[in-house]
Trainee: 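The structure is given below, and queries will be raised subsequently.
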Amino acid sequence: MTEGPKLEGSGMNLQSPIFRKLLLGAFVLIAVTLGVLDFYLTRYISDREIQSVEQRLLAEARILGAELAGSAPPDLEAWAKQAAAAAGARVTVIGPRGTVEADSGRSPDTMENHRRRPEVVRALEGRSGSAIRRSATLGQDLLYVAIPARVRGTPGHVLRLAVPLRELSDAVAAVRLRT
């Protein structure tokens, strides 16, 4: 009668059903623990990255808002394109009724009314707002930040900046590679 391999000093046979069950249980426990850790770590990194990008966009919007206050309506398209290049974000100027007056990525004539967008609603109420959603214009998920703004001294406008969430996916992927 031949016995299977034994663990040295333990007297336990590697062919033993009890050993196999314990080993399988340990692997399952490790796999579940790693899955839960990945889930929570990914959410944590995502939330932190979104907060960081949102704060950066808000700071840039406030700086650009001061510049926008002196811009004349005929110059808004050119201003939006220059501001987008400086901020590294899509820039949109929205009028008091929600019509897009200038956009760094598209012609305002082809864009729908933005009055009901959550970040625009908050900005029209006099507060900063933010939202994450799929851009109908660009076909990708964006983080939007909007603030109340003036154009040539006229209040009631909105300055909105947006960046793709591709950066967020890259940050989460980088964390997964390191763990």
Side-chain angles (χ1 to χ4, degrees), residues 39-178:
F39 174 76
Y40 283 111
L41 189 57
T42 299
R43 284 189 71 158
Y44 175 75
I45 295 297
S46 295
D47 290 346
R48 295 247 340 198
E49 189 68 20
I50 287 170
Q51 274 185 337
S52 174
V53 171
E54 191 174 319
Q55 292 302 315
R56 178 183 66 91
L57 286 178
L58 192 55
E60 289 173 358
R62 288 185 178 132
I63 292 167
L64 292 173
E67 289 179 21
L68 176 62
S71 298
D75 302 331
L76 289 181
E77 275 300 307
W79 180 86
K81 287 182 171 123
Q82 287 178 331
R90 181 177 174 195
V91 174
T92 307
V93 178
I94 302 163
R97 294 190 178 157
T99 55
V100 176
E101 295 180 359
D103 187 84
S104 62
R106 288 280 171 103
S107 169
D109 300 332
T110 64
M111 298 174 73
E112 61 190 36
N113 191 295
H114 285 36
R115 181 143 181 85
R116 297 195 194 283
R117 308 270 168 95
E119 72 280 5
V120 174
V121 168
R122 286 187 56 96
L124 288 171
E125 292 171 348
R127 300 174 289 174
S128 63
S130 66
I132 296 173
R133 73 172 170 285
R134 190 155 195 83
S135 166
T137 308
L138 301 177
Q140 59 182 319
D141 291 337
L142 298 175
L143 169 61
Y144 296 93
V145 170
I147 63 167
R150 294 176 174 263
V151 173
R152 191 58 110 180
T154 306
H157 290 76
V158 173
L159 173 61
R160 186 180 73 176
L161 276 65
V163 292
L165 287 182
R166 189 176 53 238
E167 297 170 11
L168 173 64
S169 300
D170 293 346
V172 169
V175 167
R176 281 189 172 150
L177 286 174
R178 289 183 185 164

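Along the sequence shown, the residues carry numbers beginning at 1. This is a predicted model, so every value here is computed, not measured.
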Trainee: On a heavy-atom basis, which atom in A87 and which in R56 lie closest, and how many Å separate them?
Mentor: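 For A87 versus R56, the nearest heavy atoms are O-NH1, 3.5 Å.
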Trainee: What's the separation between atom OG in S46 and atom CG in L41, rounded to the nearest 0.5 Å?
Mentor: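 It comes to 9.0 Å.
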Trainee: Who pairs with R117 by side-chain hydrogen bond (donor to acceptor under 3.5 Å, both in side chains), at least two apart in sequence or on another chain?
Mentor: E112, H114
Trainee: Report, as yes or no, whether the 6.0 Å neighbourhood of atom CZ on R48 holds more than 12 heavy atoms from other residues, nucleotides or ligands.
Mentor: no
Trainee: Would you say that more than 12 heavy atoms from the other residues, nucleotides or ligands in this model lie under 6.0 Å from the CZ of R134, or not?
Mentor: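 More than 12 within 6.0 Å, yes.
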Trainee: For the CD1 atom of I63 and the CG atom of L58, what is their distance to the nearest 0.5 Å?
Mentor: 10.5 Å
Trainee: Roughly how far, to the nearest 0.5 Å, is the CG atom of L159 from the CD1 atom of I147?
Mentor: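 Output value for this atom pair is 5.0 Å.
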Trainee: Yes or no on side-chain contact (heavy atoms from CB on, under 4.5 Å) for T92 and Y144, after CA distance, side-chain angles and deciding distance?
Mentor: CA-CA 10 Å; T92 307; Y144 296 93; over 6 Å; no
Trainee: At what distance, to the nearest 0.5 angstrom, does CG of L68 lie from CG of D75?
Mentor: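 L68 atom CG to D75 atom CG measures 11.0 Å (nearest 0.5 Å).
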Trainee: Out of curiosity, Q55 CD to S130 OG, how far, rounded to the nearest 0.5 Å?
Mentor: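 The CD atom of Q55 sits 9.0 Å away from the OG atom of S130.
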Trainee: Minimum heavy-atom separation for A102 and E77, please, with both atom names.
Mentor: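 For A102 versus E77, the nearest heavy atoms are CA-OE2, 2.9 Å.
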Trainee: Can you tell me if D141 uses its side chain to pair, donor with acceptor, with the backbone of I132 under 3.5 Å?
Mentor: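 Not at all, since once roles are kept as given, no pair shorter than 3.5 Å links the two residues.
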Trainee: Taking atom CG of L57 and atom CZ of R90, what is their separation to the nearest 0.5 Å?
Mentor: 13.0 Å
Trainee: If I compare all heavy atoms of L143 with all of I50, which pair ends up nearest, and what's the gap?
Mentor: CD2-O, 3.9 Å
Trainee: Report the C-alpha separation of S128 and V145 in whole Å, then their side-chain angles, then the decisive distance to 0.1 Å, and conclude whether the side-chain contact (heavy atoms from CB on, under 4.5 Å) test is met.
Mentor: CA-CA 7 Å; S128 63; V145 170; 5.6 Å; no
Trainee: Using a 4.5 Å cut-off on heavy atoms from C-beta on, say whether the side chain of H157 contacts that of P96.
Mentor: yes
Trainee: With sequence neighbours excluded, tell me which residues meet side-chain hydrogen bond (donor to acceptor under 3.5 Å, both in side chains) with R152.
Mentor: none
